[in-house]
2 protein chains.
Amino acid sequence: MQPKIKDVARLAGVSVTTVSRVLNGEKYVKDDLKQKVTLAIQELGYAPSHIARSLVRNKTNLIGVIVPDITSSFYATILSSIEEAASENDYNLLVCNISENIDKEHKYLNVFQEMRVEGIIIMHEKINEDIRNLIQKMKIPVIFSSVKPMGQEFVSVIVDDYKAAYDATAYLIGLGHEAIGFLGGDMRDITSGQNRYSGYRNALTDSGIKIIHEHIRFGDYKVKSGYEQMKELLRVKQPPTAVFAVSDDMAVGAMNCIRDNGLRVPEDISVMGFDGSQLTELTRPTLTSMEQPIHEMGKVTMKVLLGQVENGDVPTSDIILEHRLVARESCKARSTST
Amino acid sequence: MQPKIKDVARLAGVSVTTVSRVLNGEKYVKDDLKQKVTLAIQELGYAPSHIARSLVRNKTNLIGVIVPDITSSFYATILSSIEEAASENDYNLLVCNISENIDKEHKYLNVFQEMRVEGIIIMHEKINEDIRNLIQKMKIPVIFSSVKPMGQEFVSVIVDDYKAAYDATAYLIGLGHEAIGFLGGDMRDITSGQNRYSGYRNALTDSGIKIIHEHIRFGDYKVKSGYEQMKELLRVKQPPTAVFAVSDDMAVGAMNCIRDNGLRVPEDISVMGFDGSQLTELTRPTLTSMEQPIHEMGKVTMKVLLGQVENGDVPTSDIILEHRLVARESCKARSTST
DNA sequence: GTGAAAGCGCTAACAT
DNA sequence: ATGTTAGCGCTTTCAC
């Protein structure tokens, strides 16, 4: 059993109030008493109970985070910067990895409410009506990071997916490609998925390039689906000379598939990723990617959320961060041999 | 402000005791009252305060986890299985990503104590005297997962690093290799690092192969250091024909380095990894690796820790899990052309 | 079966 | 400058 403030008070020969004052750095305590108290704390190895403090202060300094898949380098990186920002501001993180499991999300939102977290960060956009209602009923500040659920009720910290996808596609067009494949993510209830798709389409049509439906495939953002969908793309009579994948994971899957089928990246097919995850530097060839400012994204998410938690600054619209195309080896100008 | 038990009681027209009884599923409550209470809870969107409950029950259901680098696929995977096991047992995780930062570790251990976490999982082995003392003073059950700090005070859930490294090296020897390079991790205060190194050395000497000091390099388990140290191995007059890296990350770095220098894996140099992270399937060629049962490791860690927390079953020795060599494409028999 | 009241460890008036 | 006391939201004896 841990020592309590009473034990410290007794040992130091003062009242619990005085101990509390020392603990909270208040001024009106004489130096000699402060000394005694500090010593007693040391001796007992006393640490004030955060539980009791939370109860009386009505403040937990807890932030709940829901991650769809902590195993993904993209989410792990955001999470790590969120954690950093939280730590700097003396907040602690209750982390929930839902593994794409909606039931778990519901359960955890309840836990968050019971734990009286002061704010919630969600990096998962496939929220259904049930979750949507639950969130609104809880009356706890919520912010979405790197994803945007359908509708306007919630605020997200994101890049301009439409423009980013447009720019990525335009880059490939600029390299002389016309048959540009698209490896999209899930489109159901996913704003980002739809915006990236629109950006891709409009970049093509704005350049007077016809959209080829066989060159468009949808998966789930993961390596495996990138591989599977690329396989389909290779099956059509006129495969694309470049492919834009909406995540780096999918792009890696696509690169592997291309390679496993005896073709080369970028000589035969250029591959463009999206996210700017650590994978971009690990692959050979290295992966050209439309990068999100992942680290900044975590920081900004936390900053905006804490602004709301501590000062009641409710953000009125999404916070849009800058995307940036980082050219590496996986994309090259289309060979003029055709 | 969230509704309290009192509000529920008032609305249902009963005492707080009755509400509490319903909340905790006790028997002696008449059905009609139970109904009323349940309805009131629904209507108010009431969720009992975990804070208040913790205070009176002297139980937080919180487990603290210290991860050296959440961005690493290996740790992220263990963390994800720990989270799963925690969730199944109704425990929540307070996650601390220390980014290899000792100060942060100290700070977080204090937070853990203040939060009255019931157990602590550490996946970081470079603990100094200071941390060591702090942990012992706290009197909170601690278990190390996937790593083993020096000394015998703490219990770890790990593989037999010595044997795993021995087996990995023996496998390469079995493929006909004799000049086998070693890309080790940090050796300071790191039991695993030392055991893996011994395993490597003994496998060689047991086969009558002389150890070549130029073929041995140490880094820090990361991709970049794998790359850098491999660069050094390529510089010696007689580079190795196979390389055993003590992490998959290092192995990937080594593969990239080999490739960037115009050589091929495995034709020119075979590469063996360690861990069994997701990277093994992502690389081309795919990576042969001495795999740890990552998922099981998280599960077992949690199980042993909870055994101690809930039943006082203090583990008396390390828990050793089985390693397993998974052969993929990055290692092949040494060409007899020499 | 149900309720009143004490108390978990702490902070914050309030009093001195 | 220091101490006394009420109360944060809940559970748990103990009465009834």
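As the structure is a computational prediction, the values presented were derived from the model and not from experiment. Reminder, nothing fancy here: chain letters follow the sequence lines and each chain counts from 1.
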| task | Using whole Å, report how far NZ of A:Lys59 lies from P of C:dA12. | result | 13 Å
| task | Please state how far atom OH in B:Tyr28 lies from atom C1' in C:dT2, giving the value in whole angstrom units. | result | 13 Å
| C:dG3 base to B:Arg21 side chain: any donor-acceptor pair below 3.5 Å? | yes
| query | Quick one: A:His50 NE2 to C:dC8 C1', roughly how many Å, whole number? | reply | 17 Å
| query | A:Arg53 CZ to C:dG9 C1': how many Å, rounded? | reply | 11 Å
| field | Over all atoms of both residues, closest heavy-atom pair of B:Ile70 and B:Ala76 | value | O-CB, 3.6 Å
| field | Nucleotides bounding contact with chain A, strand DNA chain D, heavy-atom threshold 4.0 Å | value | D:dA1 to D:dG9
| message | From NZ of B:Lys6 over to P of C:dA5, roughly how many Å is that when rounded to an integer? | response | 12 Å
| query | For B:Met115 and A:Ile51, what are the C-alpha separation, side-chain angles and deciding distance, and is it a side chain to side chain contact (heavy atoms under 4.5 Å, CB included)? | reply | CA-CA 6 Å; B:Met115 297 279 251; A:Ile51 311 287; 5.8 Å; no
| query | Closest nucleotide of DNA chain D for A:Val16 versus for A:Leu33: which of these residues is on the 5' side? | reply | A:Leu33
| Distance test, side-chain N/O of A:Tyr46 to OP1/OP2 of C:dC10, below 4.0 Å | yes
| message | Would you say that A:Val19 contacts A:Lys6 through its side chain, given a criterion of any heavy-atom pair below 4.5 Å between the two side chains? | response | no
Atom pairs and distances, side-chain donor-acceptor, residues 306-319 of chain B, under 3.5 Å, sequence neighbours left out:
from, atom 1, to, atom 2, distance (Å)
B:Glu310, OE2, B:Tyr91, OH, 2.7
B:Asp318, OD1, B:Ser156, N, 2.8
B:Asp318, OD2, B:Lys148, NZ, 3.0

| field | Bend angle of the helix from C:dG1-D:dC16 to C:dT16-D:dA1, end axes from five pairs each (to 10°) | value | 40°
| message | Output the rounded distance in Å from CE (A:Met1) to P (C:dC8). | response | 11 Å
| field | Sugar-phosphate, base or nothing in reach of A:Ser49, heavy atoms under 4.0 Å | value | sugar-phosphate
| Under the ring pair (Phe, Tyr, Trp, His ring centres under 6.0 Å) test, which residues partner A:Tyr221, sequence neighbours left out? | none
| Separation of C:dC8 P from A:Lys4 NZ (nearest whole Å) | 8 Å
| query | Ion pair present between A:Glu88 and A:Lys299, side-chain N to carboxylate O less than 4.0 angstrom? | reply | yes
| request: With sequence neighbours excluded, tell me which residues meet ring pair (Phe, Tyr, Trp, His ring centres under 6.0 Å) with B:Tyr75. | output: none
| Base, sugar-phosphate, or nothing: which does A:Ile51 touch, judged by heavy atoms less than 4.0 Å apart? | nothing
| task | For B:Thr17, report the nucleic acid contact type (base, sugar-phosphate, nothing); a contact means any heavy atom under 4.0 Å. | result | base
| field | Whichever of B:Leu55 and B:Ser15 has its nearest DNA chain C nucleotide further upstream toward 5' | value | B:Ser15
| B:Asp32 CG to C:dG1 C1': how many Å, rounded? | 11 Å
| note | The salt bridge (Lys or Arg N to Asp or Glu O under 4.0 Å) partners of A:Lys59 (sequence neighbours excluded) come to A:Glu118
| Beyond-backbone contact of B:Ser87 with A:Lys104, side-chain heavy atoms, under 4.5 angstrom | yes
| request: Could you walk me through whether B:Asp7 and B:Lys4 pass salt bridge (charged side-chain N to carboxylate O under 4.0 Å, His left out), step by step? | output: CA-CA 5 Å; B:Asp7 302 319; B:Lys4 329 168 187 314; 5.3 Å; no
